[in-house]
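A quick write-up on the structure given underneath.
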Amino acid sequence: MAHQCVCGGKHDETELGIHYNLFQKIDIENLECLNETEEGSGASVFKTWENRLDKNKYVESDIDNELLFNIPFTGNIKLKGLIIIGGEDSSHPNKVKLYKNRPYMTFDAVATEPEQVFELCVDPNGVHEYAPKVVKFSSVHHLSLHFTGADKIRIYYIGLRGEWSPLHQHGVTICTYELRPQMSDHPKGDNEDIDKAIS
C-alpha cells in the first residue's frame, strides 16, 4: 500500500516493512538514551514494523530540545535505511546527526563532525526513508543518533534497515618457529627425515 508523505513523495509501505528488522540486532540491555524524560523509554521506540504506529510508547526529551541515542549492536551492520516517526507540530525533531562507532557519546561530543546529517520531514505513517551513505556505514558495531528540534522532542519510532553479520573474534595465536630442528622435539621415527633435511 502506497502512502503520500509530507515530503511530497509516494512510498510503498509493504515493500519497506520486509526489510526494517535490524531492531532485533540491537544490544537492547546496553542501549542508552540521554535526556529522556522517563528512564528506559528510549529503548521502546525500536519495535517491529507492524507496531511502528503505536503511539502508546514513545520517548520525550527532558530539559533541552535534544535526544542522544547510543545504540550498540550484537554484531556488525551495514546501515542502508532509516525511518523516523516523531511527534506532531513542534515536538517533531527537525534534524538527526549520525555517528559511527563512537560508544558512550555525550552531548559534549556532538559538536564533532558526524558521518552524516539528515533534515527530517514530518512522516506520521513512517514510510519516508533516509538513505545513509553505505560506504560510511558499512561496518557499524555502534551507532549514535543525535536529534534536535525547535521545542521538546517526541519520537514514537526509529526504524533501521540493513545487513547484519556476527562480530569476528580475533584471538592471539602463539607460534614457535625453529631455525634448526631440535632432535629431542621429534619422535624417533622422524629423526631420519630430519637428518636428511639438515644435511
Side-chain angles (χ1 to χ4, degrees), residues 5-7 16 20 22-49 51-74 77 79-134 136-137 139-162:
C5 181
V6 176
C7 72
L16 285 173
Y20 271 82
L22 269 184
F23 74 95
Q24 298 171 342
K25 304 301 182 183
I26 294 173
D27 179 3
I28 207 76
E29 296 295 318
N30 292 304
L31 180 143
E32 66 175 353
C33 179
L34 304 183
N35 196 39
E36 58 188 356
T37 303
E38 185 182 332
E39 189 174 342
S41 59
S44 70
V45 302
F46 298 94
K47 46 194 168 189
T48 65
W49 176 259
N51 291 331
R52 77 190 187 286
L53 301 178
D54 179 5
K55 300 284 178 83
N56 292 317
K57 292 185 178 179
Y58 58 87
V59 62
E60 197 169 56
S61 62
D62 191 10
I63 300 163
D64 300 314
N65 56 342
E66 58 184 338
L67 285 168
L68 177 61
F69 289 86
N70 284 313
I71 309 162
F73 295 96
T74 58
I77 66 157
L79 186 63
K80 295 182 174 180
L82 176 69
I83 287 179
I84 310 294
I85 300 178
E88 296 76 24
D89 304 321
S90 62
S91 66
H92 193 283
N94 53 32
K95 185 187 291 184
V96 63
K97 295 179 184 177
L98 282 68
Y99 299 88
K100 168 188 169 183
N101 298 339
R102 305 188 207 182
Y104 310 110
M105 274 192 75
T106 64
F107 288 113
D108 293 334
V110 296
T112 60
E113 189 70 24
E115 270 66 38
Q116 196 162 358
V117 180
F118 291 110
E119 298 290 333
L120 302 177
C121 66
V122 177
D123 177 23
N125 295 308
V127 291
H128 182 82
E129 185 174 38
Y130 303 93
K133 295 173 184 169
V134 178
K136 289 191 174 183
F137 294 95
S139 184
V140 181
H141 58 81
H142 187 281
L143 180 67
S144 294
L145 301 175
H146 178 230
F147 292 92
T148 53
D151 207 339
K152 184 174 269 204
I153 295 173
R154 182 177 286 196
I155 296 175
Y156 294 104
Y157 174 74
I158 298 176
L160 303 170
R161 177 174 72 85

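FYI, side chains are in, hydrogens and waters are out, and symmetry mates aren't considered; it's all heavy atoms of this structure.
- Closest heavy-atom contact between Leu79 and Val134: O-CG2, 4.2 Å.
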Let me check something: any side-chain donor-acceptor pairs from residues 33-43 under 3.5 Å, sequence neighbours excluded? List them with distances.
unit_1	atom_1	unit_2	atom_2	d
Asn35	OD1	Ile63	N	3.3
Asn35	ND2	Asp64	O	3.2
Asn35	ND2	Glu66	O	2.7
Glu36	OE1	Ser41	N	3.4
Glu36	OE1	Gly42	N	2.8
Glu36	OE2	Gly40	N	2.9
Thr37	OG1	Glu60	O	2.9
Thr37	OG1	Ser61	O	3.0
Ser41	OG	Glu38	O	2.6

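- Residues Thr148 and Val110 are not in side-chain contact: their nearest non-hydrogen atoms beyond the backbone lie 4.5 Å or more apart.
- Without hydrogens or angle criteria, Asn101 side chain to His141 main chain gives a donor-acceptor distance under 3.5 Å.
- The shortest distance between side-chain heavy atoms of Leu145 and Leu98 falls below 4.5 Å.
- With sequence neighbours excluded, the residues forming a side chain to side chain contact (heavy atoms under 4.5 Å, CB included) with Lys97 are Tyr99, Pro114, Val117, His146, listed by chain and number.
- One N or O on the side chain of Tyr20 and one on the backbone of Leu82 form a donor-acceptor pair closer than 3.5 Å.
- The closest donor-acceptor contact from the side chain of Asp151 to the backbone of Ser90 lies at 3.5 Å or more, if one exists at all.
- The backbone N or O of Glu32 lies less than 3.5 Å from no partner atom in the side chain of Asn70, so there is not a single donor-acceptor pair.
- Enclosure of atom OH in Tyr104 is not indicated, since only 12 or fewer non-hydrogen atoms of other residues, nucleotides or ligands lie within 6.0 angstrom.
- With Lys47 contributing its side chain and Tyr156 its backbone, the two residues share a donor-acceptor pair below 3.5 Å.
- Taking the side chain to side chain contact (heavy atoms under 4.5 Å, CB included) definition, one finds that Phe23 meets it with Ile26, Phe46, Thr48, sequence neighbours left out.
- In the displayed structure, Lys95 atom NZ is contacted under 6.0 Å by at most 12 heavy atoms of other residues, nucleotides or ligands.
- In summary, the side chains of Asn51 and Asp54 do not present any donor paired with an acceptor at a separation below 3.5 Å, with no hydrogens or angles considered.
- No donor-acceptor pair under 3.5 Å is formed between the side chain of Glu115 and the backbone N or O of Phe137.
- In this structure, Phe147 and Ile84 have side chains that are in contact, with non-hydrogen atoms separated by less than 4.5 Å.
- Remark: Lys25 is not positioned above the aromatic ring of Phe73, lacking an NZ or CZ atom under 6.0 angstrom from the ring centre and at most 45 degrees off the axis.
- Scanning for side chain to side chain donor-acceptor pair (under 3.5 Å) contacts around Asp108 gives an empty result, with sequence neighbours left out.
- Applying the side chain to side chain contact (heavy atoms under 4.5 Å, CB included) rule to Asn65 yields no partners; only residues at least two apart in sequence or on another chain are considered.
- By the side chain to side chain donor-acceptor pair (under 3.5 Å) test, Thr112 is found to be paired with Arg102, residues two or more places apart in sequence or in another chain being considered.
- Separating the CD1 atom in Ile85 from the CG atom in Asp123 is a distance of 6.5 Å, to the nearest 0.5 Å.
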